[in-house]
Amino acid sequence: MHRRAQSIGYLRLSLTRACQLRCIYCRPDFDRNTKSDELTCTELQHMAGHMVQKYGVKKIRLTGGDPTARKDLITIIEQLRTTAPDIDLAMTTHGLTLAAHAHAYAAAGLQRVNVSIDSLDSKTFARLTGADVLQQVINGIDAAVDAFAGGVKLNVVVIKNQNEHELVNLLYFAAARSVEVRFIEIMPMGELAGQWHTRFVSEAQMRARLDAAVDHWTAFPASADSARRYVATLRDGREVRVGFITPMSCNFCARCDRLRIASDGSVFPCLMDAPAGNVMRAVRPGFDAELFDQMLFNAYAHKKPEHPHDGIITMTHIGG
Ligand code: SAM
C-alpha cells in the first residue's frame, strides 16, 4: 500500500450536497445538482470501519452540503459510533437543527460540532447565507454548548467588505460562551474562484483588526490541525481560544493527513484539486476491500505536494 494512503488520520465524509443555505462563497446559485446518488448509511459504515482498521483513521467529520439535511443522520452517527467506538466523531453544520436536536446527536455518539456563523448582524447574515435565520443559529450554538461540553467551535469565513469589521464582536461572542472561534481565509473554489481576489482577507489583516481587543496571544504548540491556534487574552482579562485557518497565505499541505469522500463517492486527497476517482464501485452492491484499497492507492498517487491555487470543485460538493 502507498505510504501516504497508509497514514490517513482524518476522514471527512460529506453526507449530502443538499443544504438549506446559499452562502455566497460556498454554493453558487446555479448549483441545483443536489440529487446525486448518496452513499447509504451502511456503505458509510463499511467504508469507515475499514479505514479505521486498515489506515489508522482516528477522526471522522461529517459535513456536506449540510449533514443535517440527511434524514438518517442520527442512524449514521449511531452506526459509525458502533463500528468505531473510539473514533473522534465530529460534524460541521450551519447549526439550524441544533436547537432541536443537539442532545439527540450527542446521545447517538457525536462528540463535537463546528458551527458556521459569519456575522452577528441579521441583515448581513441573511445577505451572506440567503436566509434570515441568525437567531436560529445562535439558539443552535447555545444548545450545542449545553449538549457537547467543551466540544463546540465556531467557523467564520472572513470576507472583505462584508464581515471583516465584525471580527472583534465575533471574538466576544465566542468568549461569552467559552467556545473556540476559527477565522477562515476564503478560498477560490470552483465557479466562484473568479470573485476570490475581491473577497480575500489574510490572517495578518484579521489579526490587525483583532488586536484592538486582544492584549496578547499565546500560541498552542504546532499540531496536525489545519488551524494555527492561540489563546487570546482580551483587554478585559477574559481568555478565548482562536484558530486561524490559512490555506491561502500559509498552507498546511505538509501536515495534511486527511482524506475527503463526497456523498457521491468521489475521493479528494486534496480539497483544492480535482477528485481522484470514485469509490462507489467498491462499496456497492457490497463492500470490496481490495478494490477500495486499490482505488485509494490510485487516488493518493495524484496528490501533489502543494494544493493548486484555485479549487476545482465548489465547496458544497466536497464539504470543506
Ligand atoms: N453546511 C455546513 C456549514 O455551514 O458549516 C458544512 C459544509 S461547509 C462547506 C464547511 C465549511 O466550509 C464551513 O465552515 C464553510 O464556511 C466553509 N467554506 C465554504 N466555502 C468556503 C470557501 N470558499 N472558503 C473557505 N471556507 C469555505
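Numbering of ligands and ligand atoms starts at 1, following listing order. Worth knowing before you read on, the calculation uses all heavy atoms, side chains too, and leaves out hydrogens, waters and symmetry mates.
- Heavy atoms only, all atoms of each residue included: F148 and Q111 are closest at CD2-O, 3.3 Å.
- Classification of D88 and K58 as a salt-bridged pair fails, no side-chain N sitting under 4.0 Å from a carboxylate O.
- F287 and H46 have tilted rings, their planes meeting at an angle from 30° to 60° on a 0 to 90° scale.
- Ligand 1 lies under 4.0 Å from heavy atoms of Y25, C26, T63, G64, G65, D66, T92, T93, H94, S116, N155, V157, I184, E185, I186, M187, M189, M315, G319, G320.
- Nearest heavy-atom pair across N169 and L120 is O-CD1, 3.6 Å.
- Closest heavy-atom contact between R70 and L15: NH1-O, 2.9 Å.
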In sequence, state the C-alpha distance, the side-chain angles, and the governing distance for D66 and T68, and then conclude on side-chain hydrogen bond (donor to acceptor under 3.5 Å, both in side chains). CA-CA 5 Å; D66 203 87; T68 63; 2.5 Å; yes

